[in-house]
Amino acid sequence: MIRKTTTNKSSPRNQHSNIWRNCTNFRTLKQIHALMIVNGFNSNQYALRELIYASAIAIPSAIHYAHQLFDKISEPDLFMWNTMLRGSAQSSKPSTTLPLYARMEKCCIKPDSYTFPFVLKACTRICWVTSGKIIHGKVVKYGFEWNKFTRNTLIYFHANCGEMRIARALFDDMAKRDVVAWSAMTAGYAKRGDLSMARRLFDEMPSKDLVSWNVMITGYVKQGEMESARELFDMVPKRDVVTWNAMISGYVLCREYQRAFEMHEEMRSAGEYPDEVTMLSLLSACADSGALDVGEKLNSSILEMDEGALSIVLGNALIDMYAKCGSIKKAVQVFRGMKEKDVTSWNSILAGLAFHGHPEECIILFEEMRRTKFVPNEITFTGVLVACSHAGKVDAGRGYFNLMKNEYKILPNIRHFGCMVDMLGRAGLVEEAFEFIDTMEIKPNGIIWRTLLGACKIHGNVELGRRANEALLKLEHDESGDYVLLSNIYALKGEWDGVEKVRKLMDDSGVKKEAGYSLIDSANQAFLHFLLDSKCQIPSGNRTIKSVKGKNMESVM
DNA sequence: GTAGGGTTAG
């Protein structure tokens, strides 16, 4: 048995209403909605409040439905607006919160003390610094800066987005600092890697609760300081699932998979139930270590949860785990069996096929994806281009590369270029690969030149090989002399693991990765106008959202 | 009906 992360919280009103108390899943929700329409309650304000609450908060998977319902309500009240903001902020798409708030302002609905904590939570989750600062201004304008909840959320926002000075000023200027404010500051220092400052706050806190302990433990875990984390873990007066998850994810991060698995056993013995997050950590441990047997057991546990309803994230993690453990058939089976999928589900299976010996199937499945509503992203194309490279399909690869740029407006990143160079090099088109590098909008990194160098060796092109080698040496001399030195030291000692680590470090940091851009859709126009109204400078025509590592980042304006 | 901690794809 594992417990689901999201609990179905009931509003006080729900407790008085049997029909809503029984509304615990999407199907029932739709039935109740149908009953409302049939019985003429679909314009009753209280019934609508319940309906919005159930779809936006109580049943997290229904948030999309909540948005559709909400759009049809002619004059939603403040409670409904706040409920929608709350639901959006905690959903998988927090970026929908700000356009919603902008619409609220446009409708001349005055916010109350509940409004801003939700909006700020969204800004924090997606690190929308500029928008969050504008919201901070609104908080002051409407006079909520002294509201305890709002102020704590503001501190958390600034601390989490790297503005420790602002967070500190807000914190110092508080009449009564509660444990939430202390924990927010501790988390902020820990996040920027200042563990000694974080620890000082943690030790100075007048009182600590479970969350403060978890914040400090997580701080150590994120910096790989597992010994300190363990020390606190042994000292903590009470543990919850988050405490266990922090430790498990820490051991996975520092590749101590066996310890992570042992922690999981220990956790169950202590009577704590794993949740979705525990499972995600453990599945990634299986994927990285090839522990198929453990992965299969986890799969069984997951299926016991919630009458076998598999969440999208867990389905995605299972696909990845099976693919990386060499069980590609099981990976496809999980993918096919998923009732709901997202773009990550497609990316997981496409990458699984591409990287584990099934490039043709990857390409076929990608064509299937294009026939669905799912829009591929930059990660999708990494998988597809790898598949073309491994299958030797040069024409298809060139086609998909252009499709990505022209149809989906995705700027190719260093991995995409790497795939193309690899593909051309493998096919013996070394000269074309060289010309291709010349056309790159971003500076080639070590991987690109090494790939080309390898191809030149195989195909016996001495002249181009020499040029690739020169470029590689120049790059390493210019940008990563220390890394090379370090790498050589490892190599001298025969520590090839170290060589690989340094090389990875070089390739990850040596090249400035350009962010991909995508257009804000028309639904977000209200948000744009909101930003413009807020005297935020946006150069004309620069209506962009940056997409970095799959996460939407707001424009830097 | 409000705030803080843990998370999957290259």
Side-chain angles (χ1 to χ4, degrees), chain A residues 5 9-14 49 52-53 56-58 78-80 82-83 85-87 89 92 112-118 120-121 124 144 147-157 159-160 178-188 190 209-219 221-222 240-250 252 274-284 287 311-321 323-324 342-352 354-355 377-386 413-416 418-419 549-550:
Chain A
T5 317
K9 287 178 189 165
S10 302
S11 72
R13 288 196 59 80
N14 282 355
R49 278 188 173 196
I52 291 295
Y53 187 88
I57 313 285
L78 182 55
F79 177 91
M80 294 181 207
N82 283 344
T83 308
L85 291 171
R86 182 180 168 196
S92 57
D112 66 3
S113 66
Y114 287 79
T115 308
F116 292 114
F118 303 141
L120 285 164
K121 182 185 182 157
T124 308
F144 293 117
N147 170 271
K148 185 172 80 170
F149 292 97
T150 311
R151 176 155 295 225
N152 283 344
T153 325
L154 270 175
I155 294 177
Y156 193 76
F157 161 72
N160 199 57
D178 63 11
V179 66
V180 177
W182 280 95
S183 301
M185 291 300 293
T186 310
D209 65 5
L210 187 50
V211 175
S212 358
W213 282 89
N214 287 343
V215 162
M216 198 62 232
I217 293 173
T218 309
V221 161
K222 287 269 168 74
D240 70 355
V241 65
V242 178
T243 327
W244 288 98
N245 286 351
M247 293 302 292
I248 291 173
S249 73
V252 178
D275 67 3
E276 199 169 77
V277 179
T278 326
M279 289 299 164
L280 288 174
S281 277
L282 292 170
L283 284 172
S284 81
S311 74
I312 297 181
V313 273
L314 280 177
N316 298 349
L318 280 171
I319 294 171
D320 182 53
M321 182 275 292
K324 285 184 179 151
D342 63 8
V343 66
T344 305
S345 322
W346 284 94
N347 290 350
S348 304
I349 192 65
L350 290 172
F355 283 95
N377 62 19
E378 58 173 1
I379 298 172
T380 320
F381 280 101
T382 310
V384 174
L385 294 176
V386 165
N413 64 31
I414 197 78
R415 289 175 200 256
H416 300 128
C419 291
K549 281 200 171 182

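In this structure, a donor-acceptor pair under 3.5 Å is absent between the side chains of A/Asn347 and A/Thr344.
Remark: C1' of B/dG4 and CZ of A/Arg151 are 16 Å apart, rounded to the nearest angstrom. Following rounding to the nearest Å, A/Leu280 (CG) and B/dT8 (C1') show an atom-to-atom distance of 5 Å. Counting to the nearest Å, the P atom of B/dT8 and the CG atom of A/Asn347 are 15 Å from each other. Distance A/Glu378 CD to B/dG10 C1': 9 Å, rounded to the nearest Å.
Every residue two or more places apart in sequence or in another chain was checked for a ring pair (Phe, Tyr, Trp, His ring centres under 6.0 Å) with A/Phe118, and none qualifies. Residues satisfying the side-chain contact (heavy atoms from CB on, under 4.5 Å) criterion with A/Thr115, sequence neighbours excluded, are A/Leu78, A/Asn82, A/Leu85, A/Tyr101, A/Met104, A/Pro111, A/Asp112, A/Val119.
Using a 4.0 Å heavy-atom cutoff across all strands shown, A/Ser183 reaches at least one base atom of the nucleic acid. Heavy atoms of A/Ser348 sit under 4.0 angstrom from primed sugar atoms or phosphate atoms, though from no base atom. At a threshold of 4.0 angstrom between heavy atoms, the contacts of A/Asp320 are confined to the sugar-phosphate backbone, with no base atom among them. Within 4.0 Å of A/Phe116, counting heavy atoms only, lies no atom of the nucleic acid at all. Residue contacts shown for A/Phe381 are absent, as no nucleic acid heavy atom lies under 4.0 Å away.
Between A/Lys148 and B/dG4 there is no side-chain polar atom (N or O) within less than 4.0 angstrom of OP1 or OP2.
Picking from B/dA3, B/dG4, B/dT8 the nucleotide with the shortest atom distance to the side chain of A/Phe149 gives B/dA3. The side chain of A/Ala351 lies closest to B/dG10 when the candidates are B/dA3, B/dG10, B/dG4. Nearest nucleotide to the A/Ser113 side chain, out of B/dG10, B/dT8, B/dT2: B/dT2.
Remark: the A/Asn160 side chain and the B/dG4 base include no donor-acceptor N/O pair separated by less than 3.5 Å.
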